[in-house]
Amino acid sequence: MMLARAIHFDESDMNVFHSPARTGEWCVPGGFEFSNWTEGDLTGKARQAFSNGWLGAETFGRVTFVATAQIELAEVEALTTALAQHFVDIYGAPSVEAATPVAAEEIGQMMDICAEHDANTVMTIARELTDAGVKESIRIIEAQDASLDMFAVHGG
């Protein structure tokens with residue numbers, strides 16, 4: 001099974017998000033946070049989170065880049081419970097039991113996305129607000145192909 005972990009190439013996420021995700025934590029798209037947003041909500045760091053932030057499923061912070069990685073069933077179960085609790089605490093779900101199927105679906109959708117790619121595949125997310133709601137698109141960042149001789153040091 002595959003899911004995505006937060007990665008940081010530099011410190012920029014620490015400055016652009018209200019609450020940055022922790023490096024290495026498991027992530028989901030987290031578009032549900034924006035389901036009732038309007039253009040008026042899209043300002044400053046909130047706009048950045050909306051525009052291209054994955055949701056860390058442990059700290060509930062945001063991150064720009066994620067990379068696919070193997071995940072164990074016990075980890076999936078723990079993340080599902082944590083996300084369900086988040087739905088209770090932040091969004092008013094009536095109970096963890098009621099929120100668990102929704103949390104499992106969110107994690108399952110991310111696992112489906114990740115299953116199509118090799119480990120360590122880097123992904124970004126982009127969102128836009130449309131008349132029909134929030135539109136998400138995921139971009140895969142392929143490793144650059146380079147010839148070995150571009151990196152070889154030749155003795156002389």
Testing the basics here: between [X] and [Y], what is the closest heavy-atom pair and its distance to 0.1 Å?
X: Asn36; Y: Asp41; result: O-OD2, 4.2 Å
X: Val66; Y: Val63; result: CG1-CG1, 4.0 Å
X: Arg62; Y: Gly53; result: NH1-O, 2.6 Å
X: Leu73; Y: Met1; result: N-CE, 3.3 Å
X: Val16; Y: Lys45; result: O-CG, 3.3 Å
X: Pro29; Y: Ile125; result: CB-CD1, 3.8 Å

* Do the numbers put Arg5 on top of the ring of Trp26, so that NZ or CZ is under 6.0 Å from the six-membered ring centre and no more than 45° off the axis? -> yes
Using residues 82-93 as the side-chain source, report each donor-acceptor pair under 3.5 Å to any protein atom, sequence neighbours left out, with the distance given to one decimal.
residue: Gln85; atom: NE2; partner: Asp89; partner atom: OD1; Å: 2.8

Transitively linked via ILVMFWY side-chain contacts under 4.5 Å: [X] with [Y]?
X: Phe32; Y: Leu79; value: yes
X: Val134; Y: Trp37; value: yes
X: Ile71; Y: Trp54; value: yes
X: Met123; Y: Leu55; value: yes

Indicate yes or no: at least one non-hydrogen side-chain atom of [X] is less than 4.5 angstrom from one of [Y].
X: Thr124; Y: Phe65; answer: yes
X: Leu42; Y: Glu39; answer: yes
X: Ile140; Y: Thr121; answer: yes
X: Ser19; Y: Phe60; answer: no
X: Thr100; Y: Thr81; answer: no

* **Test side chain to side chain contact (heavy atoms under 4.5 Å, CB included) applied to Gln48 and His18, step by step** => CA-CA 9 Å; Gln48 189 70 26; His18 284 294; over 6 Å; no
Under 3.5 Å: donor-acceptor pair, side chain of [X], backbone of [Y]:
X: Arg127; Y: Phe50; value: yes
X: Ser35; Y: Gly31; value: no
X: Thr68; Y: Leu3; value: no

* To do: Kindly write out the residues that satisfy salt bridge (Lys or Arg N to Asp or Glu O under 4.0 Å) with Arg22, not counting sequence neighbours, or none if the list is empty.
  => Glu58
* To do: Under the side chain to side chain donor-acceptor pair (under 3.5 Å) rule, what do Glu11 and Asn15 come out as? Steps first, then yes or no, please.
  => CA-CA 7 Å; Glu11 297 297 315; Asn15 300 316; over 6 Å; no
Pairs under 3.5 angstrom only: tabulate donor-acceptor contacts from the side chains of residues 103-120 to other protein residues two or more places apart or in another chain.
residue: Glu105; atom: OE2; partner: Gln109; partner atom: NE2; Å: 3.2
residue: Glu106; atom: OE2; partner: Gly30; partner atom: N; Å: 3.1

* Go through the steps for Thr64 and Asp13 under the test side chain to side chain donor-acceptor pair (under 3.5 Å), then give the verdict. => CA-CA 7 Å; Thr64 302; Asp13 283 353; 2.6 Å; yes
